[in-house]
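Below: the structure, in structure tokens.
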Amino acid sequence: MGYIDGKWAPLIMMTVIHMINGMVNALIKKVLDGGINHMVIATYRLGISTIFLLPIAYFWERKTRPKLTISISCQLFISALFGASLVLYFYLLGLTYTSATLGSAFTAIMPALTFIMALIFRFEKLNMKTKVGYGIVLGTMISLGGALILTIYQGIPLTNSQEQASTLNHLTRHAHWTKGCIYLFISVMFFSSWMLIQAKVNVNYPCPYSSTVILSAFGTLQCALLSLIKTRNVEEWILKDRLTIITIIIAGVVAQGMCTVGISWCIKQRGPVFTSAFTPVMLMSATLFDFLIFHRMIYLGSVIGSVVVVIGLYVFLWSKSRQVNDCEINKLPTNAVEEEKEDEDHTNVNKLGNLLVIPMTP
């Protein structure tokens with residue numbers, strides 16, 4: 001118990017969480033291949049997670065939860081649109097055309113892309129005259145370069161699969177691959193935008209569990225409305241396949257609900273950089289599950305692009321951790337006004353960092 005209760009607990013928990021997320025990605029891809037409306041999956045998943053997290057939020061934040069005003073409700077509604085509905089719409093649509101491996105690989109570029117948006121909207125500052133600044137830029141560029149490789153280069157299949165005989169011709173398959181990667185990149189952009197929006201919302205409503213429940217509830221309603229874009233057939237909402245039902249329950253209760261609580265605990269224990277560093281575990285889990293269980297093909301482009309993305313992620317996270325450490329060491333405010341301003345900036349950065357690892361996407 002000493003190991004479980006001590007320094008190994010966050011490490012073990014983050015490893016298990018990302019293995020579960022990778023497995024859920026592969027399962028959802030399998031269900032999507034069956035022809036189910038992707039927004040039906042999103043709606044049920046968010047609805048189940050809302051029910052699961054509701055009692056936790058109610059009892060955990062009962063004494064600290066502020067009054068929910070109309071203004072905060074509108075902010076959370078917009079946050080749900082960017083962070084749940086549109087993210088899941090494009091992510092699952094991209095997953096339909098690609099694979100669980102690619103979906104997990106694109107998730108790894110979120111920290112770098114969020115940092116770019118944070119710079120544009122002045123949530124973050126960057127000193128290019130330091131080695132740390134160069135490292136952050138280098139890690140960001142490498143991650144985006146990996147995403148570009150994933151999008152434009154599929155490559156030859158590295159494995160033999162039962163899927164190979166039934167695939168479309170090369171040109172059609174590559175067109176679907178590129179289209180899916182574009183959808184995945186759009187979902188990442190929406191998720192990165194949501195982090196900036198939610199960072200502002202957290203100032204007015206600093207209750208992470210209650211905020212997540214409300215966001216999931218709004219997201220459930222929005223996803224149900226977005227599902228009308230593809231079809232209005234009520235029969236699609238009646239789930240009959242056993243694998244589909246099990247996948248949606250696991251995605252809602254475990255991946256969306258329990259993993260949110262577990263990652264939030266790990267952030268408090270070891271910080272956002274530590275938790276973000278385990279993203280490649282999800283990539284490896286999705287790849288192994290896809291290959292060993294569902295016997296899908298693995299392409300050369302996926303391997304090269306994923307490796308480049310992971311290298312960029314670790315360069316970025318290492319440089320970012322050095323930047324945070326340097327800021328803490330060099331923080332010598334000359335007066336109370338400067339100290340208060342630096343504390344406010346640091347708080348905003350921490351809130352943004354905490355959101356980097358909330359598992360809103362499958």
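Keep in mind it's a predicted model, so treat the numbers as computed, not measured. Values below: all heavy atoms of this structure, side chains included; hydrogens, waters and symmetry mates excluded.
Side-chain atoms of S211 and Q198 include a donor-acceptor pair closer than 3.5 Å. In the model, S302 has no side-chain atom that pairs as donor or acceptor with a side-chain atom of T101 under 3.5 Å. Looking at S227 and N37, their side chains never bring a donor and an acceptor atom within 3.5 Å of each other. In this structure, a donor-acceptor pair under 3.5 Å is absent between the side chains of W177 and T98.
Cluster membership for M23 and M13, using ILVMFWY side-chain heavy atoms within less than 4.5 angstrom, is shared. V31 and I246 fall within the same hydrophobic cluster, where Ile, Leu, Val, Met, Phe, Trp and Tyr residues are linked whenever their side-chain heavy atoms come under 4.5 Å apart, directly or through other members. Follow the hydrophobic side-chain contacts under 4.5 Å out from L225 and you never reach Y91; the two are in separate clusters. Put simply, L54 and L221 are part of two different groups of oily side chains (I, L, V, M, F, W, Y) that touch within less than 4.5 Å, one to the next. In this structure, L283 is not a member of the same hydrophobic cluster as L11, with clusters built from ILVMFWY side-chain heavy atoms closer than 4.5 Å.
Note on ring orientation: taking the six-membered ring where Trp is involved, the planes of Y183 and Y97 are tilted (angle from 30° to 60°). Taking the six-membered ring for Trp and thresholds of 30 and 60 degrees, F185 and F106 have ring planes more than 60 degrees apart, a perpendicular arrangement.
Scanning both residues, V309 and A105, for their nearest heavy atoms gives CG1-O, 3.5 Å. Nearest heavy-atom pair, S216 versus T50, reported as atom, atom and distance to 0.1 Å: CB-OG1, 3.0 Å. Contact detail for A251 and V24: the closest heavy-atom pair is CB-CG1, 3.9 Å. Closest approach of S319 to V132, counting heavy atoms only: O-CG1, 3.1 Å. Listed here is the closest heavy atom pair of P111 and L313: CG-CD1, 3.9 Å. The heavy-atom pair separating L92 from A42 by the smallest distance is CD1-CB, 4.0 Å.
Taking CD1 of I152 as the start and OG1 of T178 as the end, the distance is 8.5 Å to the nearest 0.5 Å. Atom OG1 of T260 is separated from atom CH2 of W265 by 15.5 Å, given to the nearest 0.5 angstrom. The structure places CE of M141 at 6.5 Å from CG of L144, a figure rounded to the nearest 0.5 Å. Rounded to the nearest 0.5 Å, atoms CG (L226) and CG (L81) are 7.5 Å apart. Here T114 contributes atom OG1 and L119 contributes atom CG; the two are 11.0 Å apart, rounded to the nearest 0.5 Å. Taking CD1 from I28 and NZ from K30, the interatomic distance works out to 14.5 Å, rounded to the nearest 0.5 Å.
Remark: the backbone N or O of S210 is paired with a side-chain donor or acceptor of E61 at under 3.5 angstrom. A distance-only check finds no donor-acceptor pair linking the side chain of S49 to the backbone of V253 [under 3.5 Å]. Remark: the backbone N or O of T244 is paired with a side-chain donor or acceptor of D241 at under 3.5 angstrom. Between the side chain of R45 and the main chain of I249, no donor-acceptor pair closer than 3.5 Å is present. Between the side chain of K29 and the main chain of L95, a donor-acceptor pair closer than 3.5 Å is present. Side chain of S321 to main chain of W318: a donor-acceptor pair is present (N/O by atom type, distance under 3.5 Å, no hydrogens or angles). A distance-only check finds no donor-acceptor pair linking the side chain of Y209 to the backbone of F59 [under 3.5 Å].
Around the CG atom of L228, the shell of radius 6.0 Å holds more than 12 heavy atoms that belong to other residues, nucleotides or ligands.
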- Query: When you look at Y89 and H38, which way does the ring-ring contact (aromatic ring centres under 6.0 Å, His included) test go after all the steps?
  - Reply: CA-CA 7 Å; Y89 180 85; H38 65 288; 5.1 Å; yes
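Counting heavy atoms from C-beta outward, F291 and M297 have side chains that stay 4.5 Å or more apart. Side-chain contact between L46 and L88 is present, with at least one heavy-atom pair separated by less than 4.5 Å. L27 has its side chain within reach of F289: a pair of non-hydrogen atoms, C-beta onward, lies under 4.5 Å apart. By the 4.5 Å heavy-atom criterion applied to side chains, L184 and V188 are not counted as neighbours. Taking 4.5 Å as the limit, some side-chain heavy atom of L239 sits within range of a side-chain heavy atom of I36. Residues F77 and L215 have side chains not in contact (no heavy-atom distance under 4.5 Å, counting atoms from C-beta outward). The closest side-chain heavy-atom distance from M189 to M117 is below 4.5 Å. The closest side-chain heavy-atom distance from N21 to S285 is not below 4.5 Å.
The pair R296-D33 counts as a salt bridge, with a side-chain nitrogen and a carboxylate oxygen less than 4.0 angstrom apart.
Listed by chain and number, the residues in a ring-ring contact (aromatic ring centres under 6.0 Å, His included) with F52 amount to none (sequence neighbours excluded). T220 meets the side-chain hydrogen bond (donor to acceptor under 3.5 Å, both in side chains) test with no other residue; sequence neighbours excluded.
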